[in-house]
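Computed from a predicted model, the values in this text were never measured in an experiment.
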Amino acid sequence: MNVSSKLSSTFFSTTPHILTKCITLIQHCASSKHKLKQIHAFSIRHNVPLNNPDIGKYLIFTIVSLSAPMSYANNVFTLLHNPNVFTWNTMIRGYAEIDNNSAPALFLYRKMLVSCVEPDTHTYPFLLKAISKSLNVREGEMIHSVTIRNGFESLIFVRNSLLHIYAACGDTESARKVFVSMDERDLVAWNSVINGFALNGKPNEALSLFREMSLEGVEPDGFTVVSLLSACAELGALELGRRVHVYLLKVGLTENLHVNNSLLDFYAKCGSIREAQQVFGEMRERNVISWTSLIVGLAVNGFGEEALEFFKEMERQELVPGEITFVGVLYACSHCGMMEEGFNYFRRMKEEYGIMPKIEHYGCMVDLLSRAGLVKQAYEYIQNMPLQPNAVIWRTLLGACTLHGDLGLGEIARSHLLKLEPKHSGDYVLLSNLYASERRWSDVQIVRRSMIEDGVWKTPGYSLVELGNRVFEFTMGDRSHPQSQDVYALLEKITELLKSEGYVPHTENVLADIEEEEKEQALSYHSEKVAIAFMLLNTAPGTPIRVVKNLRVCADCHMAIKLISKVYDREIVIRDRSRFHHFRGGSCSCKDYW
């Protein structure tokens, strides 16, 4: 029996009975939008007024709970006379849950105030949720000041919402202030602040907060672990992440798909791609994100052929790849020098999967041509792109011109970069390297002077390594560590050993007016070399060394580290700004594309 028949058979002649029946049916209509509309239609046919606050309240609540279109809820809402605070809150909640635009929720909030309806303890969490999705920190600050004035700020669910919005918007300082001011901190609060720091370039702070959380006896959940793994990946803290993995196994969280995807991503970003593959192999459930994480991880770690094999297997299992999947596929083709395959995948992405290429995909194609030494074709490809090329694409071309010695195109690429990102120090360095490769020393000096005149300074390089339970940071010529004397003595020994293996310092690109011997010394003190020497001193023979560097590894360090991996028989993994380098036995996974 359908809803209309049921209602007809239980029809009472008095409106109150019909009204009560409609409300009861609406309250029990928890799973079907179609049934809800049938009840709504019945109420209209039998003159049950929607402006009745009770039926309107329950109808709107059910519409929102069923995630029906908010236009439907709004049509009902506009018919109500003097809706109560519950109904206003329901409407604000509905817009907060379905839209990344906070404007409708804020409009309702202001209209609510104009209607002389006082917000209650539920209004602000819903409103702040809407604002956090739009990432508008100014709107969040405005509502924060309102909650202080009306006394709601002290409530834990209001504070949790404020904490979430500041963290989501990247305002970690404000998030920290709200967190510190909280007398009571539940797991939601800890998760919000840890996640905020982890996702906004402050992984050390995220890990410190996790330790503080553990000391206060708060048990982490899946959300905490995902944030923690993100922080570990950012720092390259492989051992700490492994301990998190052990914890996950102990508490049974490895059945959680989201947690497993984060674990897979963590191992890939730490350069431990075989452990990432092991996680993938042990997953009982996998989705497109799982496959994409592994494909991208293999590609950026230099295992392009394997990445493409996994993509083919993904297609055989009839999973539909997404935009990011194809970024990994195209990157793999570029890394392997598979020109024809790369252009074929690019075509298939558009024609078979209906994915319109984004700037990242075009960037992969420019890199594919550049790596093959086809610099002029790369330039023509950029000119014919349907999208406006960004600084990353022009920088890719400039780097290729530096490698392949095309001064004319290099200067063209540099002219575009000056318009897009005139203060980017790396572009000055690339152009200077290009001039140095052509032995145009006067132009090298001009570039150096223009950096000073334009107020552009090279971004200080640093390298991170993990030892024990700590992450150590080293900068160029860093002597702050207690073992500095031993580290620099070992660096001198390493330089002599490498020279006996045929190493010649690559001094041409040292932008300083100093003697050749001083240039060699400057190169030997680069942060990644200091970090590697520190790890050689403090780890057992044969132990892999992993380094995270904020800048690209320079040509000299790349050549030197290849030899260090051979002389000391160590696997050395470096994650720099652009890619992974797996050094082993005197060679590198990047195939010396430099």
Side-chain angles (χ1 to χ4, degrees), residues 295-296 298-308 311 321 323-353 355-421 424 426-427 429-431 433-434 437-438 552-553 555 558 576-581 588-594:
I295 289 165
V296 172
L298 284 163
V300 299
N301 274 278
F303 303 100
E305 293 91 346
E306 290 183 59
L308 295 177
F311 178 74
E323 295 171 358
I324 300 173
T325 318
F326 274 102
V327 170
V329 168
L330 295 174
Y331 189 97
C333 291
S334 172
H335 196 93
C336 298
M338 300 168 71
M339 177 83 63
E340 187 177 335
E341 291 88 344
F343 276 92
N344 185 45
Y345 280 122
F346 188 82
R347 177 192 57 77
R348 289 184 59 206
M349 178 180 73
K350 294 187 292 182
E351 295 177 5
E352 292 183 26
Y353 293 101
I355 297 173
M356 290 306 295
K358 294 193 172 179
I359 198 71
E360 294 83 2
H361 302 109
Y362 285 108
C364 288
M365 302 311 290
V366 172
D367 188 56
L368 178 62
L369 290 164
S370 298
R371 276 178 171 264
L374 304 174
V375 182
K376 287 183 172 58
Q377 288 91 325
Y379 177 58
E380 290 169 7
Y381 189 86
I382 293 170
Q383 288 181 305
N384 294 321
M385 279 169 45
L387 300 180
Q388 191 73 22
N390 62 8
V392 174
I393 285 180
W394 287 115
R395 195 166 293 124
T396 300
L397 183 65
L398 177 56
C401 291
T402 302
L403 180 67
H404 298 293
D406 194 318
L407 185 58
L409 278 182
E411 289 177 330
I412 290 172
R414 174 66 179 131
S415 68
H416 285 282
L417 285 166
L418 281 171
K419 295 172 189 173
L420 294 168
E421 291 184 8
H424 194 284
D427 300 335
V429 175
L430 281 173
L431 186 62
N433 290 349
L434 179 53
S437 67
E438 297 291 312
R552 284 182 55 152
V553 177
H558 190 265
D576 71 7
R577 191 179 64 191
S578 59
R579 57 175 60 81
F580 276 90
H581 299 270
C588 178
S589 61
C590 80
K591 300 180 174 67
D592 294 344
Y593 177 72
W594 218 248

Residues that K358 engages under salt bridge (Lys or Arg N to Asp or Glu O under 4.0 Å), provided they are two or more places apart:
E323
Rounded to the nearest 0.5 Å, how far does SG of C364 lie from CD1 of I393?
9.5 Å
Where the side chain of N301 meets the backbone of F303, is there a donor-acceptor pair that is under 3.5 Å apart?
no
L409 side, atom CG; S370 side, atom OG - distance, nearest 0.5 Å
10.0 Å
Partner residues of L420 under the side-chain contact (heavy atoms from CB on, under 4.5 Å) criterion, sequence neighbours left out:
A391, W394
Main-chain N/O of D576 paired with H581 side-chain donor or acceptor, under 3.5 Å:
no
Side chain to side chain contact (heavy atoms under 4.5 Å, CB included) assessment of C401 paired with R414:
CA-CA 10 Å; C401 291; R414 174 66 179 131; over 6 Å; no
Pairwise side-chain contact, C588 with H558, heavy-atom cut-off 4.5 Å (strictly under)
yes
Heavy-atom closest pair (L431 atom, E411 atom, distance to 0.1 Å) is CD1-CG, 4.5 Å
How many angstroms lie between CD1 in I382 and CD1 in I412, if you round to the nearest 0.5 Å?
10.5 Å
Applying side-chain hydrogen bond (donor to acceptor under 3.5 Å, both in side chains) to R577 and not counting sequence neighbours gives none
With sequence neighbours left out, what residues match Y362 under ring pair (Phe, Tyr, Trp, His ring centres under 6.0 Å)?
F346
Summary of salt bridge (charged side-chain N to carboxylate O under 4.0 Å, His left out) pairs that have at least one residue in residues 341-351, sequence neighbours excluded
E315-R348, R347-E351, R348-E352
Inter-residue atom distance T325.OG1 - I355.CD1, 0.5 Å rounding:
7.0 Å
Using the test side-chain hydrogen bond (donor to acceptor under 3.5 Å, both in side chains), find all partners of E340 that sit at least two apart in sequence or belong to another chain.
none
Could you go through L308 and M338, starting from their C-alpha distance and side-chain angles, then the distance that decides it, and tell me whether this counts as side chain to side chain contact (heavy atoms under 4.5 Å, CB included)?
CA-CA 11 Å; L308 295 177; M338 300 168 71; 3.5 Å; yes
Might you point out which heavy atoms bring G302 and H335 nearest each other, and give the distance in Å?
CA-NE2, 3.4 Å
Does F326 have any ring pair (Phe, Tyr, Trp, His ring centres under 6.0 Å) partners at least two apart in sequence or in another chain, and if so, which?
F311, Y353
Nearest 0.5 Å, what's the CG-CG distance between L417 and L398?
6.0 Å
Heavy atoms of G328 and I295 approach each other most closely as C-CG2, 4.3 Å
Which pairs count as salt bridge (charged side-chain N to carboxylate O under 4.0 Å, His left out) when at least one residue sits in residues 375-396, sequence neighbours excluded?
K376-D406, R395-E421, R395-D427
Please determine whether side chain to side chain contact (heavy atoms under 4.5 Å, CB included) holds for the pair L374 and M339, giving the CA-CA distance in whole Å, both sets of side-chain angles, and the decisive distance to 0.1 Å.
CA-CA 11 Å; L374 304 174; M339 177 83 63; 3.4 Å; yes
All side-chain hydrogen bond (donor to acceptor under 3.5 Å, both in side chains) counterparts of Y379, not counting sequence neighbours:
Q383
Restricting to side-chain contact (heavy atoms from CB on, under 4.5 Å), what partner residues turn up for I324, sequence neighbours left out?
T292, V296
Output all residues satisfying side-chain contact (heavy atoms from CB on, under 4.5 Å) with S334, sequence neighbours left out; order by chain, then residue number.
D367, L368, R371
Check L387 against I359 and note the closest heavy-atom contact, atom names and distance.
CD1-N, 3.7 Å
Give the minimum heavy-atom separation between F580 and S589, together with the two atoms involved.
O-OG, 3.9 Å
Smallest heavy-atom separation, R579 atom then C590 atom, equals CD-CB, 4.2 Å
